[in-house]
Amino acid sequence: MDYQFTEIEKKWQQTWQERRIANARDFSDRPKYYVLSMFPYPSGVLHIGHASNYAIGDAITRLKMMEGYNVLQPMGYDSFGMPAENYAITHNSHPRITTEEHIVNMRKQFDGMGFFLDWEREISTCRPDYYHWGQYIFKKMYEKGLVYRKKSFQNWCETCKTVLANEQVEDDACWRCGAEVIQKEMDQWYFRITNYAEELLDFSHVIEWPERVMTMQKYWIGKSEGARIDFTLENSTQKIPIFTTRPDTIFGVTFMALPPEHPLVQTWLAQEPDNAELQSFCKRVMNEDKMLRSSAESLKEGVFSGRYAINPLNGAKVQIWITNYVLMDYGTGAVMAVPAHDQRDFDFAKKYDIPIKIVIQNQDKSLKLEDMTEAYTEPGIICNSGHFDDQDSEAAQGEITRWVEEKGWGVATVTYRLRDWGISRQRYWGNPIPMIHCPKCGIVPVPDEDLPVLLPDEVQVGQTTSNPLLSVPDWLNVKCPVCGEAARRETDTMDTFVDSSWYYARYADAHNRDLPFDPAKADYWLPVDQYIGGIEHACMHLLYARFIYKFMRDMGWVKGNEPFARLLTQGMVLKDGAKMSKSKGNTVDPQYIVDRFGSDTLRVYLLFASPPEKDVEWNDEALMGAFRFLSRTYRLIKGNLDAIKLGLQTSGESAELSPELKDLRFSTHHCIQRWREDSLIRMQYNTAIAAVMEHLNHCTAIKSTDDLNPAELAVYASACSIIPQLLYPYAPHMAEELWQVMGHPNLLHESGLPSYEEKYLAQDTATYVIQVNGKIRGKLEVAPDTDAGILQEMALEVENVVRALEGFEVKKVIVIPNKMVSIAAKPQR
RNA sequence: GCGAAAGUGGCGGAACUGGCAGACGCGCUGGACUUAGGAUCCAGUAGGUUCACUCCUAUAGGGGUUCGAUUCCCCUCUUUCGCACCA
């Protein structure tokens, strides 16, 4: 009678595989449902976070199968990127070898979990049959003008001759060699995601996304409306465009602020090699850790450039300062500083004794320069602004902008915080950018027929001198596809976020040799109906994927506007209050749990612990609770098998039910009702499982079936026999076993959703709670739908109520049907 | 600093549109049983008060709306997450 989970799980995993249940069929006439969990980086082992993520996906998959959908749940590997490259370096191997080894091992663990995954559609981003199409997409984007090259400053280690990601910079030094990290300006490839900024703000086409994620993306995109206005460099025709959201303050400009990265500043630096102050300030600021620089809120510094700019509106001449508080990447990279009405400009002006000019007065016009300790940033009444004086500052914004436009000094414009997506990585282990640099023809795309540009294997990974691709002459040197002369390949590889921004579409047609995917198949499967993954991808991955989807839509490859109709951001599994990590030594190995207690126990534990979007604290004791629950279920059905089988064949309409069995019948139908609501609608699996546990408790409360009459036996049998179906999404192996043991010839995924009958949910009596001034003073058991007047009388006669009303005068009685009688009373005078 | 979410027993959590706070599970206490098993079964388990019935206090803290608030509103505190001078 022991719950032999190992045998049971192996048996059903085999059966499911043989029957190819998880292999979804394209163009089936059943409605489709596409469940996708974010694919893992192949680290070699599943960790508990994966188990939790995929347990949710698998529950949804099985629920939807029971519901009759043609369900696709694919899986693959996000296998390019730095972790794989670094792993190979430290293990003195090649990332292709270690990655493929890891995949083999992870596949074993996936199989041991018994997930319904369509392995016929497996992808791995580092394989040529996948990254081929990433290159193809890159090219199509290039042709559409969505790809360009731009110089930008990167963290650069002189010793390693390589670009470093922000997280590889530790205290301004290279994480690997410890040398100083400098900011080097280099050409980088960019995707023009900002073209889609406005559309990405629109979430009206998703069905259900967490509000939190949408807010984060909106903030990330950061739309702001204002004006771009051209200031002029004094004694020059050189224009310096600025962006402002406050055109109403433009007469209050007393200086201009530029960052050291500004092209003008770069010119001056080149012109004045002997200007020590300027040179050292710029060098220092530019090489400061980017995070540090942008967080040092109090430290506003700058040097006067010795140059002046002319305010086009009033011809005023203002000093140009080079500062550390202006960002090159936002707006136009130049700020018209209005110290009176901007706190940062105010701080700066105070520090360097720059004039401050009030151009907006508060309501009682009491603002005085000498009293100001901070900038006045509120709206008010315009002053010192020529013919705009005395207008309301907010109302005047538009008018000033129109005037500026009329005069040709600038334009109304919208700026986004969102920046174009830099996809260049000076790394070996990534998708090669399919471009060729020809001395004659410039930058030329690799022709389609030459795709994919294969990543060469024969590199020395682990060399610290620059991108390993530079060390492969056979690969590097090519003929220009246009003129045939000697040329060089682009050695940058793509950010791995590029790989993951379209993989969900590849699953629709994973083996297509001619296209990224067949649009007809994509049309059948997309969008992903339910996407599941960590909240940490709220801005980057999920935004990039939406962007690429919109591009693919514009190409006519996919229909609709959004890749993911519903999004579930699942919580992390914590231990000792912290994220599990090897370095903390607080990991739990899911394989160990599966070996000792089975996949079903692990799944039930993870799903029962909390609602899916919340973090779960790992608890060994509670895991045992899940195991005991499954054991009890197993014993109940195996131990009463004869009675259940007999009962299932009994109609027993004639005989009377004891109150106990009547309750059991109610429990059965009530449980199904709750289970359906929690599993299918609310997606709150913890309470769905709790409902089954409660029902199990009702079943096991019947200690013997010997004295049951036929009707009672039928009720008992149906109460027990429903459990496998209810458990199937959460503990599929055991559920399948019990279902078979009960004599069903089919498998559970084709058993349909269990349904309840309304008539058995009706109760013989209704319990009314009686409140006096909000406090419970008694209860009444009456027939349902008893007349309110009668109830009121009955309630006022209840002993406790009478006592509570002593010295009180009843003011009002409220009757909530089948719930409560609420009496409001006031003390008697 | 800005933005978002959250705060309920010893613990994880439940209470769905305001209507019996603490479902379910863990842990704990007592008991039964034994094929000594990560057993199983029964009873109990927010705190206080009482022999008991009862009653009182409790959903971070304070106020408000309401017959009635874990739920709605305002303020404060705490925690977590995201962003970080956005002109």
Looking at every strand, decide which applies to [X] at a 4.0 Å heavy-atom threshold: base, sugar-phosphate, or nothing.
X: D615(A); result: sugar-phosphate
X: S224(A); result: sugar-phosphate
X: N686(A); result: sugar-phosphate
X: G222(A); result: nothing
X: Q684(A); result: sugar-phosphate
X: A824(A); result: sugar-phosphate
X: M820(A); result: base

Review point. Tell me, for nucleotides 29-46 of chain B in 5' to 3' order, what letter each nucleotide earns: B for a base near a protein heavy atom under 4.0 Å, S for only sugar-phosphate near one, - for neither?
Key: ---------B-SSS----

Practice item. Mark up nucleotides 47-61 of chain B, 5' to 3', with B wherever a protein heavy atom is under 4.0 angstrom from a base atom, S wherever such an atom reaches only the sugar-phosphate, and - elsewhere. Key: -------SSSS----

Exercise for review: May I ask you to check whether W321(A) and F348(A) place their ring centers less than 6.0 Å from one another?
Suggested key: yes

Review point. Looking at F255(A) versus Y352(A), is the centre-to-centre ring distance below 6.0 Å?
Key: no

Is it the case that the side chains of [Y] and [X] hold a donor-acceptor pair, with the cut-off being a distance below 3.5 Å and no angle test?
X: Y325(A); Y: D345(A); answer: yes
X: Y416(A); Y: E198(A); answer: yes
X: Q397(A); Y: D248(A); answer: yes
X: Y330(A); Y: S224(A); answer: yes

Say you draw a straight line from [atom1] of [X] to [atom2] of [Y]; how long is it, rounded to the nearest 0.5 Å?
X: K223(A); Y: L201(A); atom1: NZ; atom2: CG; result: 6.5 Å
X: W675(A); Y: L726(A); atom1: CH2; atom2: CG; result: 6.0 Å
X: I722(A); Y: H669(A); atom1: CD1; atom2: NE2; result: 8.0 Å

Point to revise | R212(A) and E613(A) ion-paired at < 4.0 Å | key: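 No.
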
Mind checking the [atom1] distance from [N] to [M]? Whole angstroms is fine.
N: A15(B); M: U71(B); atom1: P; value: 15 Å
N: U70(B); M: G22(B); atom1: C1'; value: 11 Å
N: G64(B); M: U59(B); atom1: P; value: 15 Å
N: C41(B); M: C55(B); atom1: P; value: 36 Å
N: C81(B); M: C86(B); atom1: P; value: 23 Å

Heavy atoms from C-beta onward define the side chain here; which of [options] lies closest to that of [X]?
X: Y330(A); options: A87(B), A84(B), C24(B); value: A87(B)
X: T687(A); options: A14(B), G27(B), A4(B); value: A14(B)
X: I816(A); options: C67(B), C86(B), G19(B); value: G19(B)
X: N697(A); options: A4(B), C24(B), A14(B); value: C24(B)
X: Q771(A); options: A5(B), G68(B), A87(B); value: G68(B)
X: K614(A); options: G13(B), A87(B), A15(B); value: G13(B)
X: T244(A); options: A87(B), C67(B), A14(B); value: A87(B)
X: K819(A); options: A87(B), C83(B), G19(B); value: G19(B)
X: V326(A); options: A87(B), C2(B), G19(B); value: A87(B)

[X] has an atom [atom1]; how far is it from atom [atom2] of [N], in whole Å?
X: R246(A); N: C86(B); atom1: CZ; atom2: P; result: 13 Å
X: R417(A); N: C83(B); atom1: CZ; atom2: C1'; result: 6 Å
X: L607(A); N: C26(B); atom1: CG; atom2: P; result: 17 Å
X: H537(A); N: C81(B); atom1: NE2; atom2: C1'; result: 15 Å
X: Y685(A); N: G13(B); atom1: OH; atom2: C1'; result: 17 Å
X: N324(A); N: C86(B); atom1: CG; atom2: P; result: 13 Å
X: F608(A); N: C24(B); atom1: CZ; atom2: C1'; result: 4 Å
X: M693(A); N: G12(B); atom1: CE; atom2: P; result: 17 Å

**Study point:** Under 3.5 Å donor-acceptor, N773(A) side chain and A824(A) backbone
**Key:** no

Point to revise | Donor-acceptor pair, side chain of K351(A) and main chain of K300(A), under 3.5 angstrom | key: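 Yes; judged by distance alone, with no hydrogens or angles, the pair exists.
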
Point to revise | Side chain to side chain, Q4(A) and Y634(A), heavy atoms closer than 4.5 Å | key: no

Check your understanding: Going by a 90° cut-off around 0, is G12(B) syn or anti?
Key -> anti

Point to revise | CA sep, side-chain torsions, deciding dist, call: Y3(A), T633(A), side-chain hydrogen bond (donor to acceptor under 3.5 Å, both in side chains) | key: CA-CA 9 Å; Y3(A) 166 35; T633(A) 307; over 6 Å; no

**Study point:** N/O (side chain, R228(A)) to phosphate O (OP1/OP2, A87(B)) under 4.0 Å
**Key:**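 Result: no.
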
Study note, to complete from the structure: Taking Watson-Crick and G-U wobble contacts under 3.5 angstrom, with | marking pairs to another strand and [ ] crossing pairs, the secondary structure of RNA chain B is written (((((((..(((......[....)))((((((.......))))))(((......)))..(((((..]....))))))))))))....

Check your understanding: Starting at the 5' end of RNA chain B, which residue's closest nucleotide do you reach first, D342(A) or A622(A)?
Key -> A622(A)

**Study point:** Position toward the 5' end of RNA chain B (nearest nucleotide), S610(A) or E694(A)
**Key:** S610(A)

Exercise for review: Give a yes or no on this: more than 12 heavy atoms of other residues, nucleotides or ligands lie within 6.0 Å of atom CD of E7(A).
Suggested key: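 Yes - once you tally the heavy atoms of other residues, nucleotides and ligands closer than 6.0 Å, there are more than 12.
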
